[in-house]
Amino acid sequence: TSKILTRDEDQRTRKDSQLHKMSFSSRRRNYLLTPHRRDGLTQWMKSMLMHSFVLDALDTTAADTFSHFEMLIDEHRTSMELGSHNSVVSRLKELVPSVGDFHTRLPLREAFEAYNDKYALTKRRHICISFNEIRHILNLAQILAIRDMNKDDASDEIYEETGNLRLTNVEEDNNDSDIDITTPHSGEFVFKMDDSVSEEAPFRFNGPRMITFDGDQTLYSDGANFESNPRLANYLYLLLRCGVTVAVVTAAGYEYQSEKYELRLSGLLAYFKQMELPAMDCERFFLFGGECNYLLSLGHDYKLHPVKEKGAGGWLTSTKFIPDSPANWDDTDVQSLLDKAEESMNESLRELKIRGRIIRKKRGIGLIPKQDEAIQREALDESVLSVQSYLRKQNNASLPYCAFNGGRDVWVDVGNKSIGIDILCAYLGLPAIKTLHIGDQFLSTGNDVAARSVCPCIWITCPEETTYMLKSILKLASVPLDDVPSALALSVEIEGTKAKEVDMTKMIQRRQAQAPRQLMDPYTGDMIEYNTNPSS
């Protein structure tokens, strides 16, 4: 009998282990049906396309349907620009009450036709256009819009781009073969340049002036560090070399302990150093910790340094005119907000029997799992929605905050990413409309959704999508890319120096061999000594 019981216990243990290791898709198959896990606009677009799909008419009507979406968005933008002077609600707002701002036009028909040429969506008879496919089309339309906006603003200062938008197969063995933003191994959206383009025309990056990034699950895996990703590191390097400002706007808040942020970005900073990123380009790399609380910049030594807060040229002093800027917060109100968030989290711990604990920081508070434990996704979302509801009623000071599900934990930060991006644009003198935010958390329980109120956004789901999105942006901005080595050659050609090919794996191994490996608790920022010699 004891052997049978032991075998049953082993089976239960294995079953529990398998549940924890279930894939992203299988865990969310039914969970995505819940309202807080859906995006109103994308779901509505999908439902409109479903009618044509059922009637087997997508092949003839889908492009026109996307033209209609485009027209409704244009009408909505006009309505929003009129603001309080306009008493009429746009048709799109009536159809999708949760729809927010659109900062640019979205050439949805053009994006759809390019996507459909590649994937033949309208030829399918059993599977309708999916949520993710619509998300990819919206992403493509957004980067096309920013490219076209720049071309309209300064058409005589940049290369004249001609030809039709098309997708090329990665299987084709030719120089035009590339990869697209949607599925990392399938092809890329490219504009073929006209032969008449003058080679002597001055180069001007025809894309965003600034790109801001979420950290976890956008630049690196959730809870991990940016270590070995040479392709993504190279594209970020090229953006800086092309004059684009790059900023990581992350919820990770370690105050001004720069070494902790450096550890999270160790591979990227090492890549910049190995490639000898010029000082003037280093000055365009920033990191905003705690959503909008701690601003750091990259120095000539390839390390992060706190940006001066107060006094002449201080970022807090310079952005005090922004109503929600941290410069205008009272510390008593900050602590009061965190106290109320802690009350709600403690209640969730008790009521939901969560195996977790609460940690409190200067500008944030988190509910995190205990060691070797995991919190159920449903419990995380319940805790987030509870604290959001509680703070809406109790936040008497009306301080801006962000309550979100971090994937494995729940956080409430004072401030949010819309403030962080707004401050960066104001402090650096960059237009928000030509800023692009890339992140993975655009649902109501996420912390990227606030950025939509300030600038155009791209919704990705993993670092691989970020990589190929940047590749598409560089291609559409007339930066020729085929692979990492040729991109490296292009990047240093501006300086007239010899190209360097960087093996990031070997580079990281050398760095780890030279110094004891350090690990960090991503929740608390506490450093953990890593013993590489198990016998000692």
Side-chain angles (χ1 to χ4, degrees), residues 150 202-215 219 226 232-250 252 254-290 292-319 325 417 420-432 434-438 455 470 473-474 477 479 487-488 490-497 500 502:
N150 284 337
F203 176 79
R204 180 179 185 272
F205 186 78
N206 192 16
R209 295 279 302 280
M210 177 167 69
I211 304 181
T212 61
F213 298 87
D214 178 33
L219 291 178
F226 193 123
L232 179 53
N234 181 63
Y235 296 153
L236 292 167
Y237 169 86
L238 284 177
L239 286 169
L240 291 167
R241 296 291 284 123
C242 290
V244 179
T245 297
V246 173
V248 180
V249 182
T250 174
Y254 311 121
E255 299 187 29
Y256 282 112
Q257 300 174 70
S258 56
E259 69 280 359
K260 296 182 179 181
Y261 299 107
E262 288 169 2
L263 184 61
R264 301 298 301 272
L265 298 175
S266 55
L268 179 62
L269 300 182
Y271 187 92
F272 290 163
K273 183 175 182 178
Q274 184 75 17
M275 290 301 299
E276 299 177 0
L277 182 68
M280 63 180 293
D281 295 328
C282 289
E283 293 172 358
R284 283 193 294 272
F285 184 89
F286 293 87
L287 184 143
F288 230 144
C292 62
N293 286 288
Y294 314 109
L295 183 60
L296 301 94
S297 64
L298 187 62
H300 305 169
D301 56 355
Y302 305 103
K303 293 182 178 295
L304 294 172
H305 301 276
V307 176
K308 180 182 175 182
E309 284 191 342
K310 298 180 180 179
W315 71 268
L316 277 178
T317 302
S318 302
T319 60
S325 169
K417 291 190 179 181
I421 295 170
D422 211 8
I423 286 173
L424 282 169
C425 290
Y427 184 63
L428 302 174
L430 298 172
K434 292 186 179 179
T435 296
L436 188 66
H437 179 70
I438 300 178
C455 68
L470 294 188
I473 291 171
L474 287 163
V479 178
L488 296 179
L490 166 74
S491 62
V492 297
E493 184 182 349
I494 301 171
E495 292 294 316
T497 58
K500 299 181 180 182
V502 179

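Because only heavy atoms are used, hydrogens play no part in the values below, and waters and symmetry mates are left out as well, while side chains stay in.
In this structure E262 satisfies the side chain to side chain donor-acceptor pair (under 3.5 Å) test with no other residue, sequence neighbours excluded. In terms of the side chain to side chain contact (heavy atoms under 4.5 Å, CB included) criterion, residue partners of V246 (sequence neighbours excluded) are, by chain and number, F213, L236, L239, L240, F285. With sequence neighbours excluded, the residues satisfying side chain to side chain donor-acceptor pair (under 3.5 Å) with E309 are Y256. Residues satisfying the side chain to side chain donor-acceptor pair (under 3.5 Å) criterion with T250, sequence neighbours excluded, are absent altogether. Annotation: side chain to side chain donor-acceptor pair (under 3.5 Å) contacts of D214 (sequence neighbours excluded): T218, K417. Listed by chain and residue number, Y261 satisfy the ring-ring contact (aromatic ring centres under 6.0 Å, His included) test with Y254 (two or more places apart in sequence, or in another chain). Partners of A426 under the side chain to side chain contact (heavy atoms under 4.5 Å, CB included) rule, at least two apart in sequence or in another chain, are T319, F321, I322.
One finds the CZ atom of R284 at 13.0 Å from the CE atom of M210 (value rounded to the nearest 0.5 Å). Separating the SG atom in C455 from the CD1 atom in I211 is a distance of 11.0 Å, to the nearest 0.5 Å. The CG atom of D281 sits 9.5 Å away from atom CZ of F272, with the distance rounded to the nearest 0.5 Å. Rounded to the nearest 0.5 Å, atoms CD (E259) and CZ (R264) are 13.5 Å apart. To the nearest 0.5 Å, atom NZ of residue K303 and atom NZ of residue K273 are 6.5 Å apart.
Side chain of Y427 to backbone of G313: a donor-acceptor contact under 3.5 angstrom is found. S258 contributes no side-chain N or O that, together with a main-chain N or O of H305, makes up a donor-acceptor pair within less than 3.5 Å.
Taking every heavy atom of both residues into account, R209 and L430 meet most closely at NH2-CD2, 3.4 Å. In this structure, G311 and T317 approach most closely via the heavy-atom pair N-OG1, 3.0 Å. For the residue pair L277 and C282, the shortest heavy atom distance occurs at O-SG, 3.5 Å. Of all heavy-atom pairs spanning L268 and F226, the tightest one is N-CD2, 3.6 Å.
When each of I421, T212, I473, V244 is checked for a side-chain contact (heavy atoms from CB on, under 4.5 Å) with L436, only I473 meets the rule.
A perpendicular orientation is assigned to the rings of F288 and W315, their planes being inclined by more than 60° (bins at 30° and 60°).
By the 4.5 Å heavy-atom criterion applied to side chains, F205 and L474 are counted as neighbours.
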message: side chain to side chain contact (heavy atoms under 4.5 Å, CB included) for L424 and T435? Distances and angles first, verdict last.
response: CA-CA 10 Å; L424 282 169; T435 296; over 6 Å; no

Show me the donor-acceptor pairs within less than 3.5 Å that the side chains of residues 292-299 make with the rest of the protein, sequence neighbours left out.
{"residue": "N293", "atom": "OD1", "partner": "R363", "partner atom": "NH1", "Å": "2.7"}
{"residue": "N293", "atom": "ND2", "partner": "G290", "partner atom": "O", "Å": "2.7"}
{"residue": "N293", "atom": "ND2", "partner": "V414", "partner atom": "O", "Å": "3.0"}

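When the shell of 6.0 Å around NZ of K308 is examined, it contains more than 12 heavy atoms from other residues, nucleotides or ligands.
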